[in-house]
Participant: 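Next up is a structure, given as structure tokens.
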2 protein chains.
Amino acid sequence: MKIGELARRSGLTAHTIRYYERIGLLPYADRDRSSQRDYDVSILVWIEFLGKLKTTGMPIREMLRYAALRELGSGTGPQRRALLERHREQVRARVAELNACLLVLDTKIDGYADSDKRIDDYDAELFQHRQQSSRARQARPR
Amino acid sequence: MKIGELARRSGLTAHTIRYYERIGLLPYADRDRSSQRDYDVSILVWIEFLGKLKTTGMPIREMLRYAALRELGSGTGPQRRALLERHREQVRARVAELNACLLVLDTKIDGYADSDKRIDDYDAELFQHRQQSSRARQARPR
DNA sequence: CTACGAGTTCGAGCGCGCTCTAAGTCAAGC
DNA sequence: GCTTGACTTAGAGCGCGCTCGAACTCGTAG
């Protein structure tokens, strides 16, 4: 499998695949006679797992630690396990945090639902009060 | 309240507070005789809500849209509500995604738990096979 | 033979959200 | 009257994770 097909099948771009190889997230791929990368389908499993780590917010730096342990082979199981367990705790904490925020959002939305009045108009007036004289000179976020 | 105290009480840095004002996330603050920002405690409520939006992954660009509607005042309730409802859906989707990933993590961790063997050692060997000849020239992520 | 498309390397550039520095002003305490 | 420390502005810089462009090499189809 060449890089184009792997890109299609993995959902990454060829650019990203090469980038991941450069930084060590993907193993250095064997090349064919014309130095083109030739992948085994098994790489897809690894890429998919990396995707889960990424989706759950693991920084690349830590994925690299995991990938390095993996390369070291069979003796590193306990360390890899510990790394994943730590990460799992972080993800659980994140989910709890998001759920807490969802409650706040629900409340806020309910406030708007009250004939689109009361609470929020009050907020808006407060806000506008603070805006009074000022205006002008803005800046855009970059 | 001056910026230093607001920083302490809000958890933001003074730098960040000024940055938020520059881009329009915070209203332009009144200044005292020596051009120092003088805040009303009510700003804390707004900052806290912005914190929830941020925690739930809303990009600044969208917070700005919300802040702008707020400044426009009482007529914009329905639009603000719609914006928050859209966001809430995204957060819910995110939570679902994280929960799905947690299941994968659980499975993977369970795999390591099996006397630290089997599944993962197999993975590791496959990986090492693909690493064979290659090594050398690395690159660090920036 | 040539044109095409898919691959290669190297390194620069980007979007996001801050974060920090420099150079200056001001008010209060010794 | 001088120092100290918190404030001011404008603008540069950073860490992350890609993303893209330039210039090149191949292999195959017409």
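Since the structure is predicted, the reported quantities are computational estimates derived from the model, not experimental observations.
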Participant: Of all the nucleotides listed (dC7(D), dT8(C), dG11(C)), which has the minimum atom distance to the side chain of Arg22(A)?
Facilitator: dG11(C)

Participant: What is the distance, rounded to the nearest whole Å, between atom CD1 of Ile23(A) and atom C1' of dC16(D)?
Facilitator: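 In whole Å, dC16(D) C1' and Ile23(A) CD1 are 11 Å from each other.
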
Participant: Rounding to an integer number of Å, can you tell me how far Asp32(B) CG sits from dT8(D) C1'?
Facilitator: 11 Å

Participant: Starting at atom CD of Gln36(B), determine the distance to atom P of dA6(D), rounded to an integer number of angstrom.
Facilitator: 11 Å

Participant: Report the residue (Met63(B) or Arg8(A)) whose heavy-atom-nearest nucleotide on DNA chain C is the more 5′ of the two.
Facilitator: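 So the residue in question is Arg8(A).
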
Participant: Can you find a pair of side-chain heavy atoms, one from Gln79(B) and one from Thr76(B), that are under 4.5 Å apart?
Facilitator: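 In contact.
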
Participant: Starting at CD of Glu5(B) and ending at C1' of dG5(D), how long is that distance when rounded to a whole Å?
Facilitator: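 Rounded to the whole Å, the gap is 16 Å.
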
Participant: Could you tell me whether the side chain of Thr56(A) and the main chain of Lys52(A) form a donor-acceptor pair under 3.5 Å?
Facilitator: yes

Participant: Calculate the interatomic distance between Arg31(A) atom CZ and dG27(D) atom P; express it in whole Å.
Facilitator: 15 Å

Participant: Whole Å only: how far is the CZ atom of Arg33(A) from the C1' atom of dT25(D)?
Facilitator: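 It works out to 14 Å between those atoms.
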
Participant: Please figure out whether Ala14(B) or His15(A) has its closest DNA chain D nucleotide nearer the 5' end.
Facilitator: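 Result of the comparison: Ala14(B).
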
Participant: For the residue pair Tyr66(B) and Trp46(B), does the interplanar ring angle fall in the parallel (under 30°), tilted (30 to 60°) or perpendicular (over 60°) class?
Facilitator: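 Answer is parallel, since the angle falls under 30°.
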
Participant: Determine whether more than 12 heavy atoms belonging to other residues, nucleotides or ligands lie under 6.0 Å from atom CD of Glu85(B).
Facilitator: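 Atom CD in Glu85(B) is crowded, with more than 12 foreign heavy atoms closer than 6.0 Å.
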
Participant: Show, in sequence, the C-alpha distance, side-chain angles and deciding distance for Arg31(B) and Gln36(B), and conclude whether the side-chain contact (heavy atoms from CB on, under 4.5 Å) test is met.
Facilitator: CA-CA 5 Å; Arg31(B) 314 296 159 118; Gln36(B) 299 196 352; over 6 Å; no

Participant: Looking only at side-chain N and O atoms, does Arg37(A) come under 4.0 Å of OP1 or OP2 in dT8(C)?
Facilitator: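 Yes, such a contact exists.
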
Participant: Using whole Å, what does the distance between atom C1' of nucleotide dA12(C) and atom OH of Tyr19(A) come to?
Facilitator: 14 Å

Participant: At 4.0 Å (heavy atoms only), tell me whether Arg18(A) reaches a base, stays on the sugar-phosphate, or touches nothing.
Facilitator: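 Touches a base.
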
Participant: What integer distance in Å separates Ile60(A):CD1 from dT19(D):C1'?
Facilitator: 13 Å

Participant: Reckon Arg61(A) has a side-chain N or O less than 4.0 Å from the OP1 or OP2 of dC16(D)?
Facilitator: yes

